[in-house]
Structure formats: structure tokens, C-alpha cells
Amino acid sequence: MRIEVSSKGETPVIDYKSLHGASYNTIKETAEKVRPLLMPRPGVDYKIYLSKRPALKEGEELITYTQSVCPECNSLLTAAVFKRDGKVWIRKVCPEHGEFEELYFGDAAAYERFRTFQRDGKGNTVTHVPLSALCPYNCGVCPRHKSNAALINIVLTNRCDLSCFYCFFYASRAGYVYEPTLEHIRYMLRQARLAEPIKPPAIQLTGGEPTLREDLVDIIRMAREEGFTHIQLNTNGIRLAFDPELAVKVRKAGTNVVYLSFDGVSPFTNPKNHWEVPYALDNLRKAGLGAVLVPTVIKSYNLNEMGSIIRFGLRHNDIVRGVNFQPVSITGRMPRKERDKERVTIPDVIKTIEVQTNGQIRSEDWYPVPSVVPISRFVEALTGKPQIAFTTHFACGAATYVWQEDGEIIPITRFVNVDEFLAYLDEKAQEIEKGKNKYLVMLDVTLKLRKFVDLKKAPKRLREGNKFLRILYEVFVKHNYESLGEFHYNTLFLGMMHFQDLYNHDVARVMRCDIHYIMPDGRQVPFCSFNVISDLYRDRAQKAFSYSISDWEKLTGKSLKDIGYKRNIKKLISGEPYKRHYKDIIDIDAISYEQHVLASKRFGIPVIED
């Protein structure tokens, strides 16, 4: 295998077309040889400027000092996280590029409430890189990382049939095709499963657009073979809308859920796939495959439709299992005033949802990700088996569960005292850890579960036959986790995950990340290193293991430009699934055909009428 490195020590380049039919062992050997050459290089890729702390100004209250990177040169800086005007901000100063200040969390009170739930994990006993540099230049994961991976992402291709303006990356923009072979994917899957003491149970197949791969079904089966028990397919849904057999095939191969991009309910907020989503959902229904809607939230773009997105999810709760909002990660160099037009944080979205649902979903109904650590701790104490603990940073994400009954939205907090229940489980876990008899603890849990639930306020479907209490009993006393499936099929999960960018970057969050990417060289890299410091991680590694566009086209007999999607709006809006899915969600008749066409074309998707 030829590996070229210039005399200037630039990124190694592999002749990837010669690996097209290579064996697993050859790929493994190549990856391990290239891995150290791909690591960020001190003094070349970044510098370290930690001696100077940013000054606080009048009216500002310091929360903590942390470390961050310069948006211009990736150098490591000391940053101040502070309160001002009821919000939380981050400020850093690069000696070469000046001061950068950014909104960190849109509500200081919410920040303080979320912070009380922070728990750190036990770290990883098996790591892929030695401890040789400061965070975030040593990702792999390294021995310093505090959380176990709960979800592994694997990029199957950087090709896409769309070219969304806010996308992290795609082939035509990158200038090369990253599309690992099946044996290369097997190598990456095995690298991800090397983790100890907890092997990640879940994997997300992503891209680019993963449904463009003709061997997608084989990849799903392979992920099952390699031990992943939960498989998510991350897609724009275009192919699923027009190929009902694809939905059936990926379901039968082992996919558990489809993560479906869905930025809004109207063609103006969701020109990506507004017209196709109804057909994709119908095909998923026929296949018996659930979906999670994934809106990228941009303040000036679609913040006005948060409540409508939730209502859409509840309307189609038979197949929509959840909505996972993702406040936008601002990529590229952008002036502060331009960032302010797009920037929205978790509390901002939560407050907007409260307004747009007329207070049915309130700000206090949401809990940060690490709030559930007591559940994992209790189960681990009871079973003696290590559990995924979700010890991500408290500012990374939030979640709640809701039901709808007689037009009313009912969050789980209306009938469960979540704070007391979590504190109780933490207490019981501590008792077991100190040696108390497990059976006595289980008896206490059995007797007191009812104390935390007010069934009179629960949805009818959970009151009948004490269903909700039975589910809790099955999970926490009998360890029958199949009951969790019953719970999820009766509710709509609402999640919030704000991935970082170079402006709001916080090393403390990176060190606690539990959503990782597995790299082509075998490293396991936190999401906010992979996509945020992309030139040092994602782009460098993928470019090294990529085809030139011409090599890929010769190898496959396809043309990269021909995969672009062309939309037949007239046919889509006249179909029964379109009208049924958006009825009473938007005023379909108020949107002219010309407005539909303009929305699609502005987004860069051409319209055809044949």
C-alpha cells in the first residue's frame, strides 16, 4: 500500500482505489500505520495560549474558566464562561486573531438548574490513542475522556443527493469521494466495539446520504453481526419516499429507527424534504419502522415552527417516536452580527416551545441529559453489570416525554415527580454500593414506586390497569427492559442536542461527550471534535482514505453530478399522503404552486414537471 507524505509533513494520502478489494487485515494494517500521521500536530496545526485569561467587564459575573479553540487558527485558549443580562456567554482572546465572544446558554437560571445534574463518568479502560497532547488535540478516544460512548456514528459516504447550505460536508464541496469499502466498515465497527468497560450498544449510519449506498442492507446486517443492538439510519428520506421496498429491506436487515431530517412543517422552513416526508412516513408505516424527526433549528429560519413540529409528531405518533431538535452549529467564518441572526441555544428553543404550545410544555418539564445517571447507577448497583451512564456535559442536551389526549399535551412531569424519583434511585444505589441487601432494597422500591406517581393526572392509556406503575415495576424491580419498548411506543420523546461550533466551543464539553464518530483510521472521536475542528479530524482522515472524484466515477461507472435530486412538486402536492399528513397543520390551499416551486429552487433543488 502506497502512503504518500510530502517533505513538509502534510497530511498523508493513500491510494484508496488500490484498497477497493483489500482484505480486512490489509485495511487494519494500513489504518494503524496511518493513524499517528493523522494526529493534530503542535506548532503546525495549532498553538497553545493559556497564560492569559479574558478580562470580565462591568455587569458580568464569572461562572468558570475553561479552555476553547480559536475559530481562525484552532489554537488553544483560556476562555471565561460568565453571566450577563440573564444569559451565559463565553469569551476568549487569541493573540493573533483577537477577541471572540459568543452566547453559550440563553438563560442563566436554566444553566444553573441544569448544572446541578452534572455527573462525571468512569472513563474508558480501552483507548485508541496514547495520552500525548492536550484536549482537544488528542481525540481517539484518549485516557483523559470522562464518558463512555452511548452512540457511535459511522459515515458511510460523503455523497448526497442534496446540498443544504448548513450541512457539515458533502462530496462535491469536499472535492473527493469518501466511501469506505465493506471490509473497511467492518474494521471500524470492530474498533468501536473494543471499548471497555461498556461496549456502545447503538450505532447511527450517516453521511452524506447513506441510502445512496447500494450495499446499505449489507452494512446494516454487518453492524448486527458485530454486536450493535440498536441501529439508527440518518437520512433526508428522499429515497425512502419513492422506494417502499427500501424501507422494508432496512427494517428486516436490523434497523431500529430512522432519524429523518425535518426542519419545519411548511415548504418555506423545510424546503429540504417538506414534500417527500409524508410519503417516507407512509412507507415506514408499511415496513413497521419508527421515525424520529430531526429539525436543525436556526433562529431566523424556522424557530417560529417549533410548536407545529411537535403537533405534527403527535398527529403521527403511530410512526413518529420522537422529535430531536438540534440548535444550529455555526460552521465557517462568520462575523458576530451574522452569527446573531442564526444563533439559538437550548433554553431559547425550550422557551419558544412553551409559548407555541400555550404553556402545555413548560421550561421546567425539560431535564439535561446527565439527569438520568441515577437510573443507570441504580441498575448497575442492582445487577453488578456496567451500564451506559449518559454523563455528557449538562449544557449539551435536554429531553422530556409527552403524550396527547383530547387535544391536550401531557408531559411526564405532570404525573411523575421526576426530581424526587431520581434522588430516591440515587439513594437506593448508594445503599447497595455500601453493602445493603439487594432484596431489601428491591422490596423498598416495590412499595414506594407509587409514591412518585400521581396516576389521576396521567393519560388514560397509562392509568388503565395501573399500566404505568406496572412498567416501572417491570423495569426497576424485575429488570424486564422490554417494558421500556412498551413505554416508548406510547409516548413522544422530545430531545434537544446542541452540538458545538468554533465560537461556543468548550473543552469541558468535549471531554464528556458520549456521541462519537468512528474514524477510517480506527480512532473514536467525540462529535464536537470530529465536526467542529473538522480540518484536524473529519476532513483530514476522510481525505486520506478517499477516492478522487474521477477515480470513483471510473470505478463505479456513475457520475457524481447525476445523483442530484430533482423534485416533481405538482405530483407530490396532489397526492393523498401529502394532504393527509399536513391537514390542520398548515393551510395547504393558501400556498400557491408558484410559492412551492420558488421555495424548492431557492434551496437549490430544481423542479421538474414531467
Side-chain angles (χ1 to χ4, degrees), residues 1-39 153-164 167-189 191 205-219 222 234-236 238-239 517-523 525 530-531 534-566 604:
M1 167 53 54
R2 190 173 78 253
I3 301 173
E4 297 179 357
V5 181
S6 75
S7 58
K8 297 180 181 179
E10 294 174 352
T11 303
V13 177
I14 297 165
D15 180 18
Y16 196 69
K17 65 179 181 295
S18 66
L19 276 179
H20 186 69
S23 68
Y24 176 92
N25 287 336
T26 298
I27 289 168
K28 182 176 185 292
E29 179 184 342
T30 304
E32 291 176 354
K33 186 181 296 184
V34 172
R35 187 183 304 157
L37 303 176
L38 292 173
M39 294 293 289
N153 283 277
I154 183 168
V155 177
L156 302 187
T157 178
N158 69 340
R159 291 188 296 132
C160 191
D161 43 6
L162 303 180
S163 53
C164 308
C167 182
F168 287 121
F169 68 105
Y170 49 87
S172 55
R173 178 183 287 176
Y176 53 83
V177 175
Y178 172 74
E179 200 156 290
T181 66
L182 283 176
E183 284 304 299
H184 198 161
I185 289 171
R186 189 181 294 280
Y187 166 72
M188 288 189 277
L189 294 173
Q191 284 292 113
L205 309 178
T206 187
E209 177 48 52
T211 61
L212 293 180
R213 286 201 60 145
E214 294 178 358
D215 55 1
L216 176 61
V217 170
D218 295 325
I219 294 169
M222 183 183 291
N234 186 17
T235 176
N236 58 35
I238 303 294
R239 297 224 160 185
Y517 278 83
I518 194 70
M519 300 264 276
D521 58 275
R523 282 176 292 165
V525 174
F530 182 86
N531 279 319
S534 56
D535 50 339
L536 302 189
Y537 288 104
R538 182 194 72 209
D539 299 344
R540 175 175 291 180
Q542 291 187 352
K543 186 175 183 179
F545 288 88
S546 68
Y547 304 99
S548 69
I549 291 175
S550 60
D551 279 347
W552 180 84
E553 290 181 335
K554 288 176 184 176
L555 193 66
T556 62
K558 299 176 182 178
S559 172
L560 189 62
K561 64 181 180 180
D562 289 343
I563 67 173
Y565 175 55
K566 299 177 180 64

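Just so it is clear, the model here is predicted, and its values are computed rather than measured.
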J.: Can you confirm whether D539 sits close enough to Y176 that some side-chain heavy atom of one is under 4.5 Å from a side-chain heavy atom of the other?
T.: yes
J.: Less than 4.5 Å apart, side chain to side chain, heavy atoms only: is that true for V177 and N158?
T.: yes
J.: Step by step, work out the side-chain hydrogen bond (donor to acceptor under 3.5 Å, both in side chains) result for T157 and E209.
T.: CA-CA 7 Å; T157 178; E209 177 48 52; over 6 Å; no
J.: What's the shortest heavy-atom distance between D521 and A541, and which atoms?
T.: OD1-CB, 3.8 Å
J.: side-chain contact (heavy atoms from CB on, under 4.5 Å) for N236 and C160? Distances and angles first, verdict last.
T.: CA-CA 9 Å; N236 58 35; C160 191; 4.1 Å; yes
J.: Counting only heavy atoms from other residues, nucleotides and ligands, does the tally under 6.0 Å from NZ of K558 exceed 12?
T.: yes
J.: Is it true that a side-chain atom of H184 and a backbone atom of I27 form a donor plus acceptor pair closer than 3.5 Å?
T.: no
J.: Flag the pair F545 / V34 as yes when at least one side-chain heavy-atom distance between them is below 4.5 Å, and no otherwise.
T.: yes
J.: How about Y16 and Y547: are their ring centres within less than 6.0 Å of each other?
T.: yes
J.: What distance separates L19 CG from T26 OG1, expressed to the nearest 0.5 Å?
T.: 7.5 Å
J.: Is it the case that the side chain of R213 and the backbone of L156 share a donor-acceptor pair, with hydrogens and angles ignored and the cut-off at 3.5 Å?
T.: yes
J.: How about T556 and E179: do any of their side-chain heavy atoms sit closer than 4.5 Å?
T.: no
J.: Are the side chains of R239 and D161 in contact, using a 4.5 Å heavy-atom criterion?
T.: yes
J.: Does any part of the side chain of M39, heavy atoms only, come nearer than 4.5 Å to the side chain of R523, both counted from C-beta?
T.: yes
J.: May I have the step-by-step check of side-chain contact (heavy atoms from CB on, under 4.5 Å) for Y187 and E32, ending in yes or no?
T.: CA-CA 11 Å; Y187 166 72; E32 291 176 354; 4.0 Å; yes
J.: What's the separation between atom CZ in R159 and atom OG1 in T211, rounded to the nearest 0.5 Å?
T.: 9.5 Å
